[in-house]
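Here the structure comes first, spelled out in structure tokens, and everything after it is commentary.
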Amino acid sequence: QVQLVESGGGLVQPGGSLRLSCAASGSMFGTYTMGWHRQAPGKQRELVAEITSGGTTNYADSVKGRFTISRDNVKNTVYLQMNSLKFEDTAVYYCHVERELLFPKRDYWGQGTQVTVSS
């Protein structure tokens, strides 16, 4: 049983910053890619950023240069530093952990945390 606990969401003004955290706990074996997805009203869920166990990162084009993902492997925690926030960043952000061993596939989702960018 793997559980993901998210924190750091909230209300922020345009141009402001937020830092999201997601701590994973439970019976996790092997190596995992950790990341963040978001879903805005009327939009499909999209990948925001992810980071592999080896530290390789991948970002959505819309957040490159503004968001930074990092992880602490000792704490099994992934972070998302969000700077220069825009109205378009408003969404529910979901932590996601996926086993890098592809078979069997195994992944886990957090409950989601609301990020609202508003003046």
Stepwise side chain to side chain contact (heavy atoms under 4.5 Å, CB included) test for Cys95 and Val78 = CA-CA 8 Å; Cys95 181; Val78 62; 3.9 Å; yes
Residue pair Leu47, Asn58: steps toward the side chain to side chain contact (heavy atoms under 4.5 Å, CB included) verdict = CA-CA 9 Å; Leu47 173 69; Asn58 181 39; 3.6 Å; yes
inquiry  = Let's go through Ser118 and Leu11 carefully: what are the C-alpha distance in whole Å and the side-chain angles of both, what is the deciding distance for side chain to side chain contact (heavy atoms under 4.5 Å, CB included) to 0.1 Å, and is it a yes or a no?
reply    = CA-CA 7 Å; Ser118 177; Leu11 176 65; 4.1 Å; yes
query = Met82 and Val115: side chain to side chain contact (heavy atoms under 4.5 Å, CB included), yes or no, with the steps?
reply = CA-CA 10 Å; Met82 304 184 293; Val115 172; 4.0 Å; yes
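With sequence neighbours excluded, the residues that form a side-chain contact (heavy atoms from CB on, under 4.5 Å) with Ala91 are Arg38, Ala40, Tyr93.
Between Trp109 and His37, the ring planes lie perpendicular to each other; the angle is over 60°, past the 30° to 60° tilted range.
For the pair Asp61 and Lys64, the salt-bridge criterion is met [side-chain N within less than 4.0 Å of a carboxylate O].
Side chains of Thr33 and Glu50: a donor-acceptor N/O pair is absent below 3.5 angstrom, by distance only.
From Arg71, atom CZ reaches atom OG of Ser53 across 6.0 Å, with rounding to the nearest 0.5 Å.
Applying the disulfide bond (SG atoms under 2.5 Å apart) test to residues at least two apart or on different chains, none of the pairs has a partner in residues 30-77.
Residues Tyr79 and Thr68 have side chains not in contact (no heavy-atom distance under 4.5 Å, counting atoms from C-beta outward).
Remark: side-chain polar atoms of Glu98 are not paired, donor with acceptor, to backbone N or O of Asp107 under 3.5 angstrom. A donor-acceptor pair is defined here as one N or O able to donate and one able to accept, closer than 3.5 Å; such a pair exists between the side chain of Glu6 and the backbone of Gln111.
Contact detail for Ser21 and Trp36: the closest heavy-atom pair is O-CH2, 3.6 Å.
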